[in-house]
Amino acid sequence: MIRIVTVCAAALVAAAGSAVAATPIERGSYLVNAVMACDGCHTPRVKGEFVMEKRFSGGSQLWDTPAYTVRGSNITPDVDTGIGAWSDGEIKRALTEGVHRHGRPLAPQMPFPFYKILTAGDLDAIVAYLRSVPPVRNEVQAPVYRAAMKVEPVPGATKPFTDEDMRDPVKRGFYLGTIGHCMECHGRRADRTPDYKNSWGKGGFVFTDAWGSVITANITSHPNSGLGGWTDAEIRRALTHGVSRDGRTFKPPMARQAYFSRMTDADLDALVGWVRAIPPIE
């Protein structure tokens, strides 16, 4: 057992070292394309399929609520319709504080409460990567706000993690699960209201779209209602192949295997370890 722990710890340290060795653009690409799944809101779709030649240019995703009507924004470096004219500081402020460069709040569809945990280096890397993607001119409908934005802080993620935090396997898993904004779906009550105190990982609300309806799963360590009875391999397969332990294929929005399958083995191990540590809720 001691040897296994030592080997796992060494793997995590090596992964942390490789992240440091990667260029900022490479690290940013890894975070955006393997963990954060930014396409979901920012890449246009036709008949449910991403239009990759217009990647990150926004427009097609719409959220129409009593409080606001917004579309996924253009985050390419196009100067006129994207974020090409934004400063690095303005991009970082939008990511971690949910504030547009002109001072208006961003709707909570932008999961900025989950990005407050980003390390300084990772935040720099994401900005560098966004600067590197091809600019796409695509003017997106301006947002309409009808009420003040209410945002629930994410427990344990209200300030940036440090490099020391990232060396702890469970903390590293929590970090990855947070910037992957897992609890954006799995930490809501059935009425869709975020409840990180009583519903952390419990799931239960229903997604409905063109593909049908699906109930957000319980991902706590509860042995019956959650993932407590799953093996590590089954949890890992769910993340990287979009398949439940019974062979059922996940529907969107949990069908994120295109992203999570790109994660390093060490990061996947850390993510599984964090899921194992989520307190059981029936």
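Remember, predicted model here, so these are calculated numbers, not experimental data.
Annotation: the span from I126 atom CD1 to L118 atom CG amounts to 4.5 Å, rounded to 0.5 Å. Separation of atoms OG1 (T240) and CD1 (I235) is listed at 11.5 Å; rounding is to 0.5 Å. One finds the CD atom of E26 at 10.5 Å from the OG atom of S132 (value rounded to the nearest 0.5 Å). In this structure, S60 OG and K54 NZ are separated by 10.0 Å, a value rounded to the nearest 0.5 Å. Here the straight-line distance linking atom OG1 of T216 with atom CD of E184 works out to 10.5 Å at 0.5 Å rounding. Annotation: the span from S221 atom OG to L227 atom CG amounts to 8.5 Å, rounded to 0.5 Å.
Judged by distance alone, the side chain of H42 and the main-chain N or O of S73 form a donor-acceptor pair under 3.5 Å. R71 places no side-chain N or O within 3.5 Å of a backbone atom of Q141 that could act as its donor or acceptor partner. Looking only at distances, no side-chain donor or acceptor of R104 sits under 3.5 Å from a matching main-chain atom of Y145. Using a distance-only test at 3.5 Å, with no hydrogens or angles considered, no donor-acceptor pair links the side chain of E49 to the main chain of V46. In this structure, the side chain of H241 does not engage the main chain of V243 through any donor-acceptor pair within 3.5 Å. Formation of a donor-acceptor pair under 3.5 Å by the R55 side chain with backbone atoms of V133 is not found in this model. Side-chain atoms of T220 come within 3.5 Å of backbone atoms of I281 as a donor-acceptor pair (strictly under, hydrogens ignored). A donor-acceptor pair under 3.5 Å links the side-chain atoms of R146 to the main chain of T65, judged by distance alone. Listed for the S244 side chain is no donor-acceptor partner under 3.5 Å among the backbone atoms of G247. Not one N or O on the side chain of S199 forms a donor-acceptor pair closer than 3.5 Å with the backbone of K202.
Contact record, T178 with A157: CG2-CB, 3.9 Å, taken as the closest heavy-atom pair. Scanning both residues, F205 and C185, for their nearest heavy atoms gives CE2-O, 3.2 Å. Between F161 and G156 the shortest heavy-atom distance is CE1-O, 3.8 Å. Between W86 and A94, the shortest heavy-atom distance links the atoms CZ3-CB, 3.8 Å. Taking all atoms of both residues into account, the shortest heavy-atom contact from R237 to R245 is NH2-O, 3.7 Å. Minimum heavy-atom separation, N138 to S57: ND2-O, 2.9 Å.
R276 has a carboxylate O that lies under 4.0 Å from a charged side-chain N of D232, or vice versa, which qualifies the two as a salt bridge. One finds no salt bridge joining D195 and R188 here, because no Lys/Arg side-chain nitrogen approaches an Asp/Glu carboxylate oxygen to under 4.0 Å.
Counting non-hydrogen atoms of other residues, nucleotides and ligands closer than 6.0 Å to NZ of K116 gives a total above 12. Around atom CD of E53, more than 12 heavy atoms belonging to other residues, nucleotides or ligands sit under 6.0 Å away. Around the CG atom of L62, the shell of radius 6.0 Å holds more than 12 heavy atoms that belong to other residues, nucleotides or ligands.
Between W200 and W274, the ring-plane angle classifies as perpendicular under the 30° and 60° cut-offs.
Among residues two or more places apart in sequence or in another chain, the side-chain contact (heavy atoms from CB on, under 4.5 Å) test is passed with R93 by E97, V99. Contacts of S29 classified as side-chain contact (heavy atoms from CB on, under 4.5 Å), with partners at least two apart in sequence or in another chain: N33, Y129.
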Passes side-chain contact (heavy atoms from CB on, under 4.5 Å), L176 versus K171? Steps please. CA-CA 9 Å; L176 294 164; K171 285 185 177 181; over 6 Å; no

Would H181 and H186 count as a side-chain contact (heavy atoms from CB on, under 4.5 Å) if you check the C-alpha gap in whole Å, the side-chain angles of each, and the deciding distance to 0.1 Å? CA-CA 9 Å; H181 40 101; H186 297 282; over 6 Å; no

Evaluation steps, side-chain contact (heavy atoms from CB on, under 4.5 Å), between S213 and T208: CA-CA 4 Å; S213 297; T208 303; 3.1 Å; yes

Using the salt bridge (Lys or Arg N to Asp or Glu O under 4.0 Å) rule, take D269 and R236 through it: C-alpha gap first, then chi angles, then the decisive distance, then the call. CA-CA 8 Å; D269 287 344; R236 190 171 177 137; 2.7 Å; yes

Determine, stepwise, if the pair Y196 / V154 fulfils side-chain contact (heavy atoms from CB on, under 4.5 Å). CA-CA 7 Å; Y196 303 139; V154 180; 4.2 Å; yes

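Linking Ile, Leu, Val, Met, Phe, Trp and Tyr whenever their side-chain heavy atoms come within less than 4.5 Å puts F174 and M166 in one cluster. Note on V70 and I75: separate hydrophobic clusters, where clusters join Ile, Leu, Val, Met, Phe, Trp and Tyr whose side-chain heavy atoms are under 4.5 Å apart, directly or indirectly. Clustering ILVMFWY residues whenever any of their side-chain heavy atoms sit less than 4.5 angstrom apart, transitively, puts L95 in a cluster other than the one holding V140. In terms of hydrophobic clustering, with Ile, Leu, Val, Met, Phe, Trp and Tyr side chains grouped at heavy-atom distances under 4.5 Å, M254 and V206 are assigned to different clusters. Hydrophobic clustering keeps V136 apart from F50 (ILVMFWY residues linked when any side-chain heavy atoms are closer than 4.5 Å, directly or through intermediates).
Side-chain contact between E234 and L239: absent, with no pair of heavy atoms (C-beta onward) separated by less than 4.5 Å. Put simply, the side chain of I91 does not reach to within 4.5 Å of the side chain of R101, judged on heavy atoms. Residues W63 and T69 have side chains not in contact (no heavy-atom distance under 4.5 Å, counting atoms from C-beta outward). For the pair T264/Y30, a side-chain contact is recorded, criterion being any heavy-atom separation below 4.5 Å from C-beta on.
T81 and N74 form a side-chain donor-acceptor contact under 3.5 Å, judged by distance and modelled atom types alone. No side-chain donor from either of T76 and D78 sits under 3.5 Å from a side-chain acceptor of the other. Residues N218 and S225 bring no donor and acceptor atom of their side chains to less than 3.5 Å of each other.
Partner of Y175 under the side chain to side chain donor-acceptor pair (under 3.5 Å) criterion, chosen from D168, D165, D122, D267: D122.
A cation-pi arrangement, defined by a distance under 6.0 Å to the six-membered ring centre and an angle within 45 degrees of its axis, is absent between R256 and F250.
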Name each donor-acceptor pair under 3.5 Å that joins a side chain in residues 106-114 to protein atoms two or more places apart or in another chain, with its distance.
| unit_1 | atom_1 | unit_2 | atom_2 | d |
| --- | --- | --- | --- | --- |
| Q109 | OE1 | Y68 | OH | 2.5 |

